[in-house]
There are 2 protein chains.
Amino acid sequence: MATDQNPPRPAPVNVIEATRAAYQDLRKSERKVADILLSDPRQLLPATLAQTAEFAGVSQPTVIRFCDAIGCSGFQEFKLRLAHSLALGTPATHSVLSGADDLGAVVQKVFDYTITSLDWARNHLDLTALEEAVALLGRAGAIEFFGFGASGIVARDAQQKFPLFGAPCGAQLDSHQQIMSASMMRPGDVAVVISNTGRTRSIVEIARTARASGAKVIGLTGSDSPLAAECDVKLVVETLDNTNIYTPTISRIAALVVIDILSTAVALRRGPEHQERFRQMKRRLNDLRFGSEP
Amino acid sequence: MATDQNPPRPAPVNVIEATRAAYQDLRKSERKVADILLSDPRQLLPATLAQTAEFAGVSQPTVIRFCDAIGCSGFQEFKLRLAHSLALGTPATHSVLSGADDLGAVVQKVFDYTITSLDWARNHLDLTALEEAVALLGRAGAIEFFGFGASGIVARDAQQKFPLFGAPCGAQLDSHQQIMSASMMRPGDVAVVISNTGRTRSIVEIARTARASGAKVIGLTGSDSPLAAECDVKLVVETLDNTNIYTPTISRIAALVVIDILSTAVALRRGPEHQERFRQMKRRLNDLRFGSEP
DNA sequence: CCCAGATTTGTAGCATACTTACAGGGACGA
DNA sequence: TCGTCCCTGTAAGTATGCTACAAATCTGGG
């Protein structure tokens with residue numbers, strides 16, 4: 001019961017995304033169905049085939065053909081996938097924020113966007129690379145996290161999890177101190193270099209420096225990039241990108257979750273005595289918070 | 001099309017949670033269905049009524065009665081809800097991490113847990129309070145964010161979003177500087193006090209101090225708590241809590257998303273000239289990253 | 001220990017929903 | 001203008017989900 005992992009996820013492709021993608025290739029009447037789906041996906045959720053056909057103003061077989069066209073084997077599968085997609089939220093492309101949105105809309109859209117992106121990131125994680133990263137971190141003498149801006153937040157967060165990593169952790173956010181830190185690393189140490197773009201010059205330099213010092217380098221980045229080329233292990237955390245300037249940066253949240261995974265996995269590999277020390281640490285932290293008297 | 005908000009979410013109750021909750025009240029044969037569902041929910045996703053009945057070794061009407069018992073109006077609705085639940089991830093109670101889990105399992109569980117919790121947080125956000133917070137932040141002269149530990153990360157992240165808030169933002173993570181900052185605040189300023197527990201003594205003190213200085217205080221906390229009592233606006237971000245020590249702290253991620261919502265909403269209320277300045281800022285940041293030559 | 005009532009479970013039939021085969025109709029090219 | 005091809009709807013068939021009813025089981029009292 002502890003190992004119920006990796007059953008084939010329903011289908012990695014979002015139905016609504018698929019519809020948008022296939023729209024060009026659809027026939028005229030099929031597009032009517034697509035329009036209904038794109039304009040208000042939620043009303044189709046409880047709808048039956050006949051109702052869907054009526055909404056779109058087409059016949060039932062047309063709806064079936066539409067399902068087929070976007071890669072579903074039938075109406076039933078379509079509805080299942082639709083439910084899946086809607087649970088994750090109306091897709092990002094539909095959730096472009098505008099000044100006309102009221103607060104409720106902003107809430108839904110930001111959550112939708114975040115959750116959809118996380119699901120996307122999950123399905124695009126490279127398990128092999130992750131495995132290597134866990135192995136490196138598990139036997140690291142010391143760990144340094146590097147990052148700027150939003151990625152600096154992630155670095156700091158990772159550093160705060162050092163009790164889980166079980167090794168001394170540092171996080172450098174200032175570029176001078178980053179260079180110093182990277183230069184001083186030694187064989188056996190691990191540098192985790194975080195950059196969403198992976199193209200910021202100074203961060204690439206850091207990776208190079210750390211590696212020259214003999215440390216292993218793990219790169220946490222949003223896409224294959226110059227940074228990845230300088231790393232021993234590249235963790236690519238893909239996220240949906242939305243050009244809207246107001247779209248909150250999801251990348252840092254996905255990166256935080258990856259950090260959670262890394263720290264958890266490393267901690268789980270350690271023995272029970274490590275868990276005991278961890279438990280004690282938590283207790284003492286609690287005392288600090290509320291005072292130690294009852 | 002810009003205002004498609006708040007359609008009634010399919011059903012705020014997770015089918016699997018509901019099954020677990022109702023398990024005691026189920027009849028013997030219905031429990032067989034429940035057992036199948038709980039042991040491997042995913043196999044039921046594509047299954048038909050007949051197949052489900054066969055899996056459980058009961059008759060079809062029994063399955064229907066089971067659906068009814070856990071609050072679904074029929075098998076169809078059950079399957080829809082199941083798809084929804086599974087999309088968000090196998091529920092937290094099932095995802096307790098153990099040393100026996102391999103990396104794939106850790107990945108799935110951490111993502112499941114994060115996504116489920118975010119969905120939960122979304123459904124429990126108080127829109128009215130959020131509205132008040134946005135109003136306060138929108139006309140703030142200056143904004144200070146306070147937080148310790150993991151909440152400190154959130155505070156720092158919020159501070160980095162100051163271009164969106166359109167006001168000078170600070171983030172104090174050291175308790176002495178927090179006191180100093182809080183004391184120096186003035187009427188028209190807004191303090192955002194972040195604490196998952198809402199019970200850490202010094203953070204409550206900060207809220208009190210800031211308020212005494214004439215600032216408005218927004219509390220961002222995980223539950224109704226002593227901190228909430230000291231605030232003008234309380235934003236309660238409920239998250240699923242799991243006692244397992246390895247369970248990553250979801251609270252900070254939910255808090256980050258709320259910060260995203262606040263910053264986005266405030267920015268959207270500002271005029272187009274603010275958006276233009278924001279765009280320019282992004283462009284210059286880009287130049288800094290990659291160098292300004294082509 | 002047995003019987004009556006209630007409760008639970010399975011059987012059978014019905015209505016509905018999904019799918020497939022086929023034929024009409026329209027667009028395009030010759 | 002005719003013929004071909006592609007698109008779309010009609011109609012029939014199949015399977016699926018639901019409901020009424022009857023058999024079986026359990027419970028409690030005599």
Side-chain angles (χ1 to χ4, degrees), chain A residues 10-11 15-16 18-19 21-38 41-86, chain B residues 10-11 15-16 18-19 21-38 41-86:
Chain A
V15 194
I16 300 177
T19 303
Y23 195 84
Q24 293 304 329
D25 306 331
L26 293 180
R27 317 183 216 284
K28 195 167 44 173
S29 65
E30 285 169 359
R31 289 193 185 177
K32 290 184 191 170
V33 185
D35 291 337
I36 293 292
L37 174 63
L38 294 176
R42 228 163 269 281
Q43 76 175 342
L44 291 190
L45 238 193
T48 163
L49 173 61
Q51 289 171 308
T52 307
E54 187 169 357
F55 281 141
V58 300
S59 69
Q60 299 184 16
T62 301
V63 177
I64 303 257
R65 280 187 283 263
F66 164 79
C67 296
D68 195 51
I70 62 170
C72 300
S73 74
F75 187 70
Q76 313 234 43
E77 185 184 324
F78 166 76
K79 274 190 61 178
L80 242 43
R81 288 226 232 155
L82 179 64
H84 179 96
S85 307
L86 289 180
Chain B
V15 194
I16 300 178
T19 304
Y23 195 84
Q24 293 304 329
D25 306 330
L26 294 180
R27 318 185 214 284
K28 196 166 41 173
S29 65
E30 285 170 358
R31 288 191 186 180
K32 291 183 190 171
V33 185
D35 291 335
I36 293 293
L37 175 64
L38 294 176
R42 231 162 266 281
Q43 77 174 340
L44 291 190
L45 237 192
T48 165
L49 174 60
Q51 288 171 309
T52 308
E54 187 168 357
F55 280 141
V58 299
S59 68
Q60 299 183 16
T62 302
V63 177
I64 303 254
R65 280 187 281 262
F66 164 79
C67 296
D68 195 52
I70 62 169
C72 300
S73 73
F75 186 71
Q76 315 234 44
E77 185 184 323
F78 166 76
K79 275 191 59 178
L80 243 43
R81 287 227 231 155
L82 179 64
H84 178 97
S85 307
L86 290 180

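Residue numbers start from 1 in every chain, and the chains themselves are labelled A, B, ... in the order their sequence lines are given, proteins ahead of strands.
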Inset, instruction - Look up atom CG in A:L49 and atom CZ in A:F78, then write down how far apart they are to the nearest 0.5 Å. - result: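 Result: 10.5 Å between the selected atoms.
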Inset, instruction - Would you give the length of the straight line joining atom CZ of B:R31 to atom CG of B:D25, rounded to the nearest 0.5 angstrom? - result: 8.5 Å
Legend entry - Secondary-structure stems for DNA chain C, with pairs counted as Watson-Crick or G-U when both distances are under 3.5 Å and runs at least 3 long: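 DNA chain C stems, ordered by first number: C:1-30 with D:1-30.
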Legend entry - Flag, side chain of A:S85 to backbone of A:V15, donor-acceptor distance under 3.5 Å: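 Confirmed, A:S85 side chain pairs with A:V15 backbone.
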Legend entry - Donor-acceptor contact below 3.5 Å, side chain A:R81 vs main chain A:I16: no
Legend entry - Phosphate OP1/OP2 of C:dG10: any B:T62 side-chain N/O under 4.0 Å: yes
Inset, instruction - Could you tell me whether the phosphate oxygens of C:dT9, OP1 or OP2, come under 4.0 Å of any side-chain nitrogen or oxygen in B:S29? - result: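 For B:S29, the contact criterion (side-chain N or O under 4.0 Å from OP1 or OP2 of C:dT9) is met.
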Legend entry - Atom pair distance, as rounded to whole Å: CG in B:D68 and P in C:dT8: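 Whole-Å distance recorded here is 13 Å.
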Inset, instruction - Can you sort out the partners of A:Q43 under side-chain contact (heavy atoms from CB on, under 4.5 Å), two or more places apart, ordered by chain and number? - result: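 Counting only residues at least two positions away or on another chain, A:Q43 forms a side-chain contact (heavy atoms from CB on, under 4.5 Å) with A:I36, A:D40, A:F55.
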Inset, instruction - Give every residue pair that meets the side-chain hydrogen bond (donor to acceptor under 3.5 Å, both in side chains) criterion with at least one member in residues 47-57 of chain B, sequence neighbours excluded. - result: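 Every pair satisfying side-chain hydrogen bond (donor to acceptor under 3.5 Å, both in side chains) with a residue in residues 47-57 of chain B: there are none.
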Inset, instruction - Let me have a per-nucleotide readout for nucleotides 15-28 of chain C, 5' to 3', with B, S or -, counting only protein heavy atoms under 4.0 Å. - result: --SSBB--------
Legend entry - B:P46 versus A:L80, closest heavy-atom pair with distance: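 Shortest heavy-atom separation between B:P46 and A:L80 comes out as CA-CD2, 4.2 Å.
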Legend entry - Nearest non-hydrogen partners of B:P41 and B:L82, listed with the distance: O-CD2, 4.0 Å
Inset, instruction - Give me the first and last nucleotide of DNA chain D, going 5' to 3', that has any atom under 4.0 Å from a heavy atom of chain B. - result: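 Terminal contacting nucleotides, 5' to 3': D:dT16 to D:dT19.
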Can I get a per-line list of side-chain donor-acceptor pairs under 3.5 Å for residues 59-74 of chain B, giving both atom names and the distance, sequence neighbours left out?
unit_1 : atom_1 : unit_2 : atom_2 : d
B:S59  : OG     : B:T62  : OG1    : 3.1
B:S73  : OG     : B:E77  : OE1    : 2.7

